[in-house]
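Worksheet for the structure shown next.
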Amino acid sequence: RGSTLIERKTAKEILAESLKELSKTKPVDKITIKEITDNCGFSKRTFYHNFQDKNELILWEYSNNYKKVLSQENLKLSYYEIMHKLIMFVVNDYDYYKNVFTVWDNSDIPIKYILDYAQNTFEDFIISKNNIKELTQEERIYLSIYNNGIYIFTVEWLNNGMPVSVEKLTQYFVNAVPEPIKKYLK
């Protein structure tokens, strides 16, 4: 008899899944903490033990997925493969992310947090992948401009019903890498 491990989910993961499920029928900004906790059978106390508010839950879920794609185990992948995975984590939860990005564009949720998180995580990934100490100030500026553009274009792409394929969008993003950064993203 072979032993199989049961993959256990954390309270944070369950709360994020609950929010995603609820977002299929309701705008994220209209979903209450009580609805999130009732949907997964948790108490509000459990929610507040893990998150300060719903925005923190949304940001945790986004950053958790982003971090998984830019993990150590993916260092050997080509940049096209990495970018494809990043786009797919959004596409796989299309309705949820379209809902979230629409709400974020019209709210006080700190987009700067998302952009800073993406910048720092991507920079750390480049440093690990290339075994270097750090990027130069100029390289960080180019990376920031690139990351901000990818975020804005991805939101527009989702809001417009994904008018080009994931593969085509991935290729656009790969082709748009600024010259000073290309050497790091092969």
Side-chain angles (χ1 to χ4, degrees), residues 9 12-33 35-36 38-40 51 53-71 74 77-123 125-126 142-179 181-182 185-186:
K9 294 185 185 219
K12 287 183 177 189
E13 290 169 326
I14 293 168
L15 289 162
E17 286 179 7
S18 178
L19 175 62
K20 282 182 182 182
E21 185 178 300
L22 292 167
S23 74
K24 292 176 183 174
T25 58
K26 192 173 190 178
V28 170
D29 59 336
K30 304 293 185 215
I31 298 170
T32 66
I33 302 301
E35 289 171 319
I36 294 169
D38 285 352
N39 188 51
C40 65
F51 301 106
D53 57 27
K54 183 173 52 181
N55 291 343
E56 188 179 357
L57 167 59
I58 293 168
L59 296 171
W60 176 85
E61 192 279 332
Y62 179 85
S63 60
N64 192 45
N65 280 324
Y66 197 85
K67 185 172 37 179
K68 284 178 187 173
V69 173
L70 295 180
S71 68
N74 289 332
L77 298 178
S78 71
Y79 182 59
Y80 179 93
E81 292 168 310
I82 294 290
M83 184 53 65
H84 190 271
K85 283 179 174 268
L86 286 171
I87 294 168
M88 286 308 297
F89 99 65
V90 172
V91 169
N92 287 337
D93 282 316
Y94 170 79
D95 292 328
Y96 171 73
Y97 281 109
K98 185 175 180 198
N99 189 335
V100 166
F101 289 150
T102 300
V103 169
W104 279 354
D105 281 349
N106 301 310
S107 77
D108 61 348
I109 293 177
I111 297 301
K112 182 167 176 20
Y113 170 88
I114 290 294
L115 297 176
D116 287 348
Y117 179 84
Q119 173 77 16
N120 293 333
T121 306
F122 201 17
E123 188 174 330
F125 177 78
I126 289 171
Y142 276 108
L143 185 61
S144 179
I145 293 166
Y146 178 64
N147 274 329
N148 292 355
I150 284 174
Y151 174 81
I152 291 167
F153 196 87
T154 301
V155 170
E156 288 177 11
W157 179 71
L158 286 172
N159 287 335
N160 291 325
M162 301 186 299
V164 297
S165 70
V166 170
E167 290 71 24
K168 190 78 168 162
L169 183 64
T170 302
Q171 196 58 59
Y172 288 149
F173 287 167
V174 169
N175 291 345
V177 173
E179 198 59 44
I181 309 233
K182 282 185 180 175
L185 300 174
K186 297 174 181 140

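Everything numeric here is computed off the predicted structure, so don't read it as measured data. Only this structure's heavy atoms are used, side chains among them; waters, hydrogens and symmetry mates stay out.
- At a threshold of 4.5 Å between non-hydrogen side-chain atoms, the residues Phe153 and Leu169 count as touching.
- If you take CD1 on Ile14 and NZ on Lys9, they are separated by 7.5 Å, rounding to the nearest 0.5 Å.
- Heavy-atom contacts from other residues, nucleotides or ligands closer than 6.0 Å to OH of Tyr79 number more than 12.
- Rounding to the nearest 0.5 angstrom, the gap separating the CH2 atom in Trp60 from the NZ atom in Lys67 is 8.5 Å.
- Using a 4.5 Å heavy-atom threshold, the side chains of Ile150 and Leu86 count as separate.
- In plain terms, the two heavy atoms of Lys54 and Ile31 that are nearest each other are NZ-O, 2.6 Å.
- Nearest approach of Val174 to Tyr146, heavy atoms of both residues: N-OH, 4.2 Å.
- Between Leu19 and Leu15 there is no side-chain heavy-atom pair separated by less than 4.5 Å.
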Exercise. List the steps, then state whether side-chain contact (heavy atoms from CB on, under 4.5 Å) holds for Leu143 with Ile126.
Key: CA-CA 10 Å; Leu143 185 61; Ile126 289 171; 4.1 Å; yes

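- Ser23 contributes no side-chain N or O that, together with a main-chain N or O of Val28, makes up a donor-acceptor pair within less than 3.5 Å.
- Residues Tyr96 and Lys24 have side chains not in contact (no heavy-atom distance under 4.5 Å, counting atoms from C-beta outward).
- We find the CG-CG distance between Asn39 and Leu22 to be 4.0 Å, quoted to the nearest 0.5 Å.
- In this structure, CZ on Phe51 lies 9.5 Å from CD1 on Ile33, to the nearest 0.5 angstrom.
- For the residue pair Asn99 and Lys26, the shortest heavy atom distance occurs at ND2-O, 3.1 Å.
- Considering all non-hydrogen atoms of both residues, Tyr94 and Gly161 come closest at OH-CA, 3.7 Å.
- Contact detail for Met162 and Val91: the closest heavy-atom pair is SD-CG2, 3.9 Å.
- Side-chain atoms of Trp157 and Ile87, non-hydrogen and from C-beta on, do get closer than 4.5 Å to each other.
- Under the salt bridge (Lys or Arg N to Asp or Glu O under 4.0 Å) criterion, Glu61 pairs with Lys20, not counting sequence neighbours.
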Quiz item: Going through the distances and angles, do Tyr80 and Glu167 end up as a side-chain contact (heavy atoms from CB on, under 4.5 Å)?
Solution: CA-CA 9 Å; Tyr80 179 93; Glu167 290 71 24; 3.6 Å; yes

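- In this structure the side chain of Met83 never reaches within 4.5 angstrom of the side chain of Leu185, judged on heavy atoms.
- Every residue meeting the salt bridge (Lys or Arg N to Asp or Glu O under 4.0 Å) condition with Asp38, not counting sequence neighbours, appears here in chain and number order: Lys34.
- Summarising the geometry, atom CG belonging to Asn148 is positioned 7.5 Å from atom CD belonging to Gln119; distances are rounded to the nearest 0.5 Å.
- For the pair Ile36/Leu57, a side-chain contact is recorded, criterion being any heavy-atom separation below 4.5 Å from C-beta on.
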Quiz item: Taking it one step at a time, do Asn65 and Tyr97 satisfy side-chain contact (heavy atoms from CB on, under 4.5 Å)?
Solution: CA-CA 12 Å; Asn65 280 324; Tyr97 281 109; 3.2 Å; yes

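- One finds the CG atom of Asn120 at 11.0 Å from the CG atom of Leu115 (value rounded to the nearest 0.5 Å).
- Side-chain atoms of Lys12 and Asn64, non-hydrogen and from C-beta on, never get closer than 4.5 Å to each other.
- Residues Val69 and Ile82 come closest through the heavy atom pair CG1-O, 3.7 Å.
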